[in-house]
Chemist: 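One structure follows; several queries about it will come next.
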Amino acid sequence: DGYLIESLLNTKPVLNQASKTEQNPVLRSERSWEGSGVTLLSVIYDEKEQVFKMWYICRTFKASRTEDEVIITGGKESGEDLYCLAVSDDGVNWERPVLGLVEYEGSRQNNILPAGSIPEKFFFDSHETDPAKRFKGMNPAASVNTPGMQIELMYSADGFNWIPYE
């Protein structure tokens with residue numbers, strides 16, 4: 001792909017062989033709030049803190065069987081998703097920091113992020129010169145009843161506290 005590469009003079013593009021870790025998957029549902037599965041949202045390496053950060057979604061699915069079919073409920077449509085954070089020094093071994101931001105079953109000893117605090121899609125902008133805008137995020141702002149595509153854009157210094165673009 002020559003779109004982003006200005007020159008390959010005296011070089012050769014090579015695709016390195018991937019190597020699996022025996023810890024796959026690197027993050028499993030281990031806490032009561034993590035339900036029956038975790039889904040990756042985003043992973044970045046925070047050079048300032050020298051740590052990998054993983055934002056992930058916890059979902060609980062339930063299955064029931066009728067005579068004719070298996071019915072699965074839960075997940076995104078149920079509104080029961082929880083957003084969480086894990087951190088890692090090496091990108092393989094992950095820890096769940098106690099954030100103390102959300103009460104779950106009477107305790108704040110968890111890594112749950114406040115509901116609605118994380119955009120649906122976001123990324124770390126390593127070229128951003130304004131430290132308050134290191135992260136960029138977006139959420140769909142339209143409904144099926146609204147014609148056209150509308151997206152709410154936002155930015156953040158830390159990936160946790162988001163400010164809408166004006």
Side-chain angles (χ1 to χ4, degrees), residues 1 3-5 15-61 72 74-105 107-144 149-166:
D1 182 350
Y3 177 71
L4 296 175
I5 302 170
L15 182 61
N16 292 322
Q17 180 68 37
S19 60
K20 281 191 168 189
T21 176
E22 292 183 20
Q23 292 99 319
N24 265 344
V26 294
L27 194 70
R28 300 173 188 264
S29 294
E30 295 177 357
R31 308 292 194 272
S32 61
W33 58 87
E34 291 178 330
S36 52
V38 296
T39 302
L40 171 70
L41 185 60
S42 185
V43 177
I44 62 107
Y45 182 73
D46 189 327
E47 293 202 23
K48 182 178 171 186
E49 295 183 27
Q50 298 288 295
V51 68
F52 289 95
K53 293 181 179 178
M54 177 193 299
W55 287 258
Y56 64 98
I57 303 169
C58 305
R59 294 193 168 132
T60 299
F61 295 94
I72 299 175
K76 185 175 183 179
E77 290 74 28
S78 71
E80 299 172 8
D81 288 353
L82 294 176
Y83 290 75
C84 298
L85 177 76
V87 296
S88 172
D89 292 329
D90 60 10
V92 176
N93 300 292
W94 292 87
E95 298 176 7
R96 295 157 172 88
V98 174
L99 302 175
L101 301 174
V102 175
E103 187 172 319
Y104 181 84
E105 295 182 349
S107 173
R108 290 184 175 270
Q109 297 294 305
N110 59 60
N111 63 328
I112 302 172
L113 298 164
S117 66
I118 304 297
E120 193 170 300
K121 305 286 184 209
F122 69 94
F123 63 95
F124 180 78
D125 184 353
S126 61
H127 300 289
E128 177 60 62
T129 56
D130 183 347
K133 297 180 178 178
R134 296 185 325 145
F135 291 85
K136 308 287 193 305
M138 62 188 95
N139 278 329
S143 71
V144 292
M149 184 185 335
Q150 297 177 16
I151 297 176
E152 176 185 46
L153 301 175
M154 57 202 74
Y155 61 90
S156 171
D158 56 11
F160 302 104
N161 301 294
W162 293 86
I163 300 166
Y165 275 100
E166 304 263 337

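Heads up: numbering here begins at 1 and tracks the sequence. Computed from a predicted structure; not experimentally measured.
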Chemist: Could you pull out the closest heavy-atom pair between G137 and F122, with the gap in Å?
Modeler: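 Reported closest heavy-atom pair: CA-CB, 3.8 Å.
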Chemist: Quick one: closest heavy-atom pair of P114 and S117, and the distance?
Modeler: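 Where P114 meets S117 most closely, the heavy atoms are O-OG, 2.6 Å.
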Chemist: Once you measure the plane-to-plane angle for W55 and F160, does it fall in the parallel (<30°), tilted (30-60°) or perpendicular (>60°) bin?
Modeler: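 Ring orientation of W55 relative to F160: tilted.
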Chemist: Report the C-alpha distance between Y45 and Q50 in whole Å, list the side-chain angles of each, state the deciding distance to 0.1 Å, and finish with yes or no for side-chain contact (heavy atoms from CB on, under 4.5 Å).
Modeler: CA-CA 7 Å; Y45 182 73; Q50 298 288 295; 3.3 Å; yes
Chemist: Please find the pair of heavy atoms, one from P131 and one from T129, that lie closest to each other, and give the distance.
Modeler: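 For P131 versus T129, the nearest heavy atoms are CD-O, 3.3 Å.
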Chemist: Who passes ring-ring contact (aromatic ring centres under 6.0 Å, His included) against W94, sequence neighbours left out?
Modeler: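 Per chain and number, W94 pairs via ring-ring contact (aromatic ring centres under 6.0 Å, His included) with no residue.
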Chemist: Measure the CG-CD1 distance between L82 and I112 for me, rounded to the nearest 0.5 Å.
Modeler: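 Rounded to the nearest 0.5 Å, the CG-CD1 separation comes to 5.0 Å.
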Chemist: For E47, check salt bridge (Lys or Arg N to Asp or Glu O under 4.0 Å) against everything at least two apart and list the hits.
Modeler: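 By the salt bridge (Lys or Arg N to Asp or Glu O under 4.0 Å) rule, E47 matches no residue at all.
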Chemist: With sequence neighbours left out, what residues match E128 under salt bridge (Lys or Arg N to Asp or Glu O under 4.0 Å)?
Modeler: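 With sequence neighbours excluded, E128 shows a salt bridge (Lys or Arg N to Asp or Glu O under 4.0 Å) to K136, given in chain and number order.
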Chemist: Do I44 and F123 have side chains that approach each other closer than 4.5 Å (heavy atoms only, starting at C-beta)?
Modeler: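 No, their side chains stay 4.5 Å or more apart.
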Chemist: Please report the interatomic distance NZ(K53) to OG(S42), rounded to the nearest 0.5 Å.
Modeler: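 Atom-to-atom, K53:NZ and S42:OG are 11.5 Å apart.
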Chemist: If you round to the nearest 0.5 Å, how far is CG of D81 from SG of C58?
Modeler: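 Reported to 0.5 Å precision, the distance equals 8.5 Å.
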Chemist: My understanding is that only residues two or more places apart in sequence, or in another chain, count here; which of them pass side-chain contact (heavy atoms from CB on, under 4.5 Å) with R134?
Modeler: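 With sequence neighbours excluded, R134 shows a side-chain contact (heavy atoms from CB on, under 4.5 Å) to D46, K48, F124, given in chain and number order.
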Chemist: Looking at every heavy atom in both D90 and V92, which two are closest together, and how far apart are they?
Modeler: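 Smallest heavy-atom distance, with atoms named: OD1-N, 2.8 Å.
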Chemist: Heavy-atom distance under 4.5 Å between the side chains of S32 and Y104, does that happen here?
Modeler: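 With C-beta onward as the side chain, the pair touches.
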Chemist: Mind running side-chain contact (heavy atoms from CB on, under 4.5 Å) on L41 and T39 for me, showing each step along the way?
Modeler: CA-CA 6 Å; L41 185 60; T39 302; over 6 Å; no
Chemist: Any donor and acceptor pair, going by atom type alone, linking the side chain of R108 with main-chain N or O of L101 inside 3.5 Å?
Modeler: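 Side chain of R108 to backbone of L101, a donor-acceptor pair under 3.5 Å: yes, one is there.
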Chemist: With the side chain counted from C-beta on, respond yes when D89 and V51 share a heavy-atom pair under 4.5 Å apart, and no when they do not.
Modeler: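 They are in contact (side-chain heavy atoms under 4.5 Å apart), so the answer is yes.
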Chemist: Once rounded to the nearest 0.5 Å, what's the spacing between atom CZ of R96 and atom CE of M54?
Modeler: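 Those atoms lie 9.0 Å apart.
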Chemist: To the nearest 0.5 angstrom, please state how far the CD1 atom of I163 sits from the CG atom of L153.
Modeler: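 Rounded to the nearest 0.5 Å, the CD1-CG separation comes to 14.0 Å.
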Chemist: Counting neighbours of CD on E103 that are heavy atoms of other residues, nucleotides or ligands and sit closer than 6.0 Å, is the number greater than 12?
Modeler: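 Correct, the count exceeds 12.
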Chemist: Which atom pair, heavy atoms only, marks the closest approach of G91 to F52?
Modeler: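 Minimum heavy-atom contact is N-CD1, 3.4 Å.
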Chemist: If the condition is side-chain contact (heavy atoms from CB on, under 4.5 Å), which residues does E152 pass it with, not counting sequence neighbours?
Modeler: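 Testing E152 for side-chain contact (heavy atoms from CB on, under 4.5 Å), a comparison that skips the adjacent residues, returns N139, A141, M154.
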Chemist: List for me each residue that meets ring-ring contact (aromatic ring centres under 6.0 Å, His included) alongside Y155, sequence neighbours excluded, and say none if there are none.
Modeler: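 Y155 satisfies ring-ring contact (aromatic ring centres under 6.0 Å, His included) with Y165 once adjacent residues are dropped.
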Chemist: Between D125 and K133, is a side-chain contact (heavy atoms from CB on, under 4.5 Å) present by the stated rule, with each step listed?
Modeler: CA-CA 8 Å; D125 184 353; K133 297 180 178 178; over 6 Å; no
Chemist: If I take atom OG from residue S29 and atom OH from residue Y56, how far apart are they, to the nearest 0.5 angstrom?
Modeler: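 Here the interatomic distance stands at 8.0 Å.
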Chemist: So E120 and P140, do their side chains get closer than 4.5 Å, heavy atoms only?
Modeler: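 A side-chain contact exists here, since the closest heavy-atom pair is under 4.5 Å.
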Chemist: Taking N111 for its side chain and L85 for its backbone only, find out whether a donor-acceptor pair lies under 3.5 Å.
Modeler: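 Side chain of N111 to backbone of L85, a donor-acceptor pair under 3.5 Å: yes, one is there.
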